[in-house]
There are 2 protein chains.
Amino acid sequence: MNESDVFRALADPNRRAVLERLLDGEKNATELRERLRISQPAVSQHVAVLRGAGLIAEKKEGRHVRYSLAPEGLTPVLDWLTRYRAFWPARVERLKALLKEMDQ
Amino acid sequence: MNESDVFRALADPNRRAVLERLLDGEKNATELRERLRISQPAVSQHVAVLRGAGLIAEKKEGRHVRYSLAPEGLTPVLDWLTRYRAFWPARVERLKALLKEMDQ
DNA sequence: TCCACAGATAAGTATCTGCTTATCTATAAC
DNA sequence: GTTATAGATAAGCAGATACTTATCTGTGGA
């Protein structure tokens, strides 16, 4: 749940790919594995790291487990980034537009 | 300059401490080392990683080197985060206030 | 010219990471 | 029950990481 855990979790491309897949909804471990060229245990281990970092949540349904993005998981990153707001690039304009869009 | 480099660079607490120190302006390597309990070469190596990730810039002045935060360095993180905006927490409200404040 | 100092590089080492195969646990289907 | 399947765990290994001490490079000042 701390900054180091979250940044370390995000540093691995396969783990970011797992999060990416969860963007369009809940998935079980087998579905998460689809595009990744790693073994089932490797996926399971990555999922454990992501869960440990608070980035994903899981819900057991019989012998399946549904994984989903944890809404508060990115909080440490956002908090950290906020401290560096003076060094955000021109992209801030885009961000503003984004937030306006979210209002509607 | 890619996501992996940046997240990996940010995953280390000593490297985040270096960035933290740069928040209040340019520093040379010796100044960066002050609060850290690691050797001079270790600092130098961390600085190299941060530079490689595009997070800091350096400016040689005689035999000193002034390090500073690179304004565009966080772009990959902001871009990545943007894709997950639907999973940002209530903190978005804070962010909006922040941006409004930056307008003034 | 010579020395001091800022910082980088080299080399070595202990620990951490990400992966594998093999195995275990638990639920579902028959 | 027995068997198939989803997922976790164990153990082992190769490569990456973070650190150390020792050394090198280059600039500034005496």
Side-chain angles (χ1 to χ4, degrees), chain A residues 1-22 25-70 76-77, chain B residues 1-22 25-70 76-77:
Chain A
M1 296 291 202
N2 61 62
E3 280 170 3
S4 285
D5 288 342
V6 177
F7 281 124
R8 210 168 334 107
L10 295 178
D12 184 90
N14 280 332
R15 282 196 289 268
R16 288 201 307 281
V18 166
L19 295 180
E20 206 75 33
R21 295 231 61 205
L22 289 176
E26 294 185 344
K27 299 255 181 303
N28 63 35
T30 306
E31 290 169 323
L32 286 182
R33 193 184 165 192
E34 271 162 22
R35 295 270 179 166
L36 302 175
R37 306 188 161 211
I38 55 179
S39 65
Q40 173 269 313
V43 174
S44 186
Q45 288 158 15
H46 282 312
V47 163
V49 170
L50 290 167
R51 184 163 28 78
L55 288 166
I56 64 180
E58 59 183 50
K59 182 169 55 170
K60 300 212 175 188
E61 284 183 0
R63 72 176 148 173
H64 292 250
V65 184
R66 311 283 316 167
Y67 299 101
S68 57
L69 290 171
V77 179
Chain B
M1 295 291 205
N2 61 63
E3 281 170 2
S4 284
D5 288 342
V6 177
F7 281 124
R8 207 167 339 106
L10 295 178
D12 184 271
N14 280 331
R15 282 196 289 268
R16 288 201 308 281
V18 165
L19 295 179
E20 206 76 34
R21 294 230 63 205
L22 289 176
E26 293 184 344
K27 299 255 181 303
N28 62 36
T30 306
E31 290 169 324
L32 286 181
R33 191 183 167 194
E34 271 162 21
R35 295 270 178 165
L36 303 175
R37 307 191 160 209
I38 55 179
S39 64
Q40 174 268 314
V43 175
S44 187
Q45 287 157 16
H46 281 311
V47 164
V49 171
L50 289 167
R51 183 161 29 77
L55 288 166
I56 64 180
E58 58 183 50
K59 181 170 54 172
K60 300 212 175 189
E61 284 183 359
R63 72 177 148 173
H64 291 251
V65 183
R66 312 279 321 164
Y67 299 102
S68 57
L69 291 170
V77 179

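A note on names: the letters A, B, ... follow the listed sequences, proteins ahead of strands, and every chain is numbered from 1. Only a predicted model underlies this, so the values are computations on that prediction, with no experimental measurement involved.
If you take CG of B:L36 and C1' of D:dA18, they are 13 Å apart, rounded to a whole angstrom. Atom pair B:R66:CZ and C:dG7:C1' shows a separation of 14 Å (rounding to whole Å applied). To the nearest angstrom, P of C:dA8 lies 10 Å from CG of B:N28. One can place CG of B:L10 at 14 Å from P of D:dT17, the figure rounded to the nearest angstrom. For B:R33 and D:dT20, the CZ to C1' distance is 12 Å, given to the nearest whole Å. Going from atom CZ of B:R37 over to atom P of D:dA18 covers 20 Å, rounded to whole Å. A straight line from CD1 of A:I38 to C1' of D:dG7 spans 14 Å, rounded to a whole angstrom. The interatomic distance linking B:K60 (NZ) with D:dT25 (P) rounds to 14 Å, in whole Å.
A:A42 comes within 4.0 angstrom of a nucleotide base, judged by non-hydrogen atoms across all strands. Note on A:T30: only backbone sugar-phosphate atoms sit closer than 4.0 angstrom, heavy atoms only; bases stay farther off. Looking at heavy-atom distances under 4.0 Å, A:R15 makes contact with sugar-phosphate atoms alone, never a base.
Shown here for B:A53 and B:V6, the closest heavy-atom pair between the two residues is O-CG2, 3.6 Å.
For the pair A:N14 and C:dC19, the criterion of a side-chain N or O lying under 4.0 Å from OP1 or OP2 is met. A close approach under 4.0 Å does not occur between any side-chain nitrogen or oxygen of B:Y67 and OP1 or OP2 of C:dA6.
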Which letters describe nucleotides 22-30 of chain C, given B = protein heavy atom under 4.0 Å from base, S = only from sugar-phosphate, - = neither? B----BS--
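When each of C:dG7, C:dT20, D:dT21 is scored by its nearest atom to the side-chain atoms of B:S39, the top-ranked nucleotide is D:dT21. Across D:dG7, D:dT17, C:dA8, the shortest atom-to-atom separation from the side chain of B:R8 is found for D:dT17.
Although no hydrogens or angles enter the test, the distance criterion places no donor-acceptor pair under 3.5 Å between the side chain of A:R15 and the main chain of A:H46.
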Check step by step if side chain to side chain contact (heavy atoms under 4.5 Å, CB included) holds for B:K59 and B:E26. CA-CA 10 Å; B:K59 181 170 54 172; B:E26 293 184 344; 2.9 Å; yes
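Not counting sequence neighbours, A:E61 has no partner by the salt bridge (charged side-chain N to carboxylate O under 4.0 Å, His left out) test.
Residues B:R16 and A:S4 bring a donor and an acceptor atom of their side chains to less than 3.5 Å of each other.
A:L32 has its side chain within reach of A:L22: a pair of non-hydrogen atoms, C-beta onward, lies under 4.5 Å apart.
The line from CD1 of A:I56 to CG of A:L19 is 7.0 Å long, rounded to the nearest 0.5 Å.
Map B:H64 and B:A48 each onto its nearest nucleotide of DNA chain C; the residue landing nearer the 5' end is B:H64.
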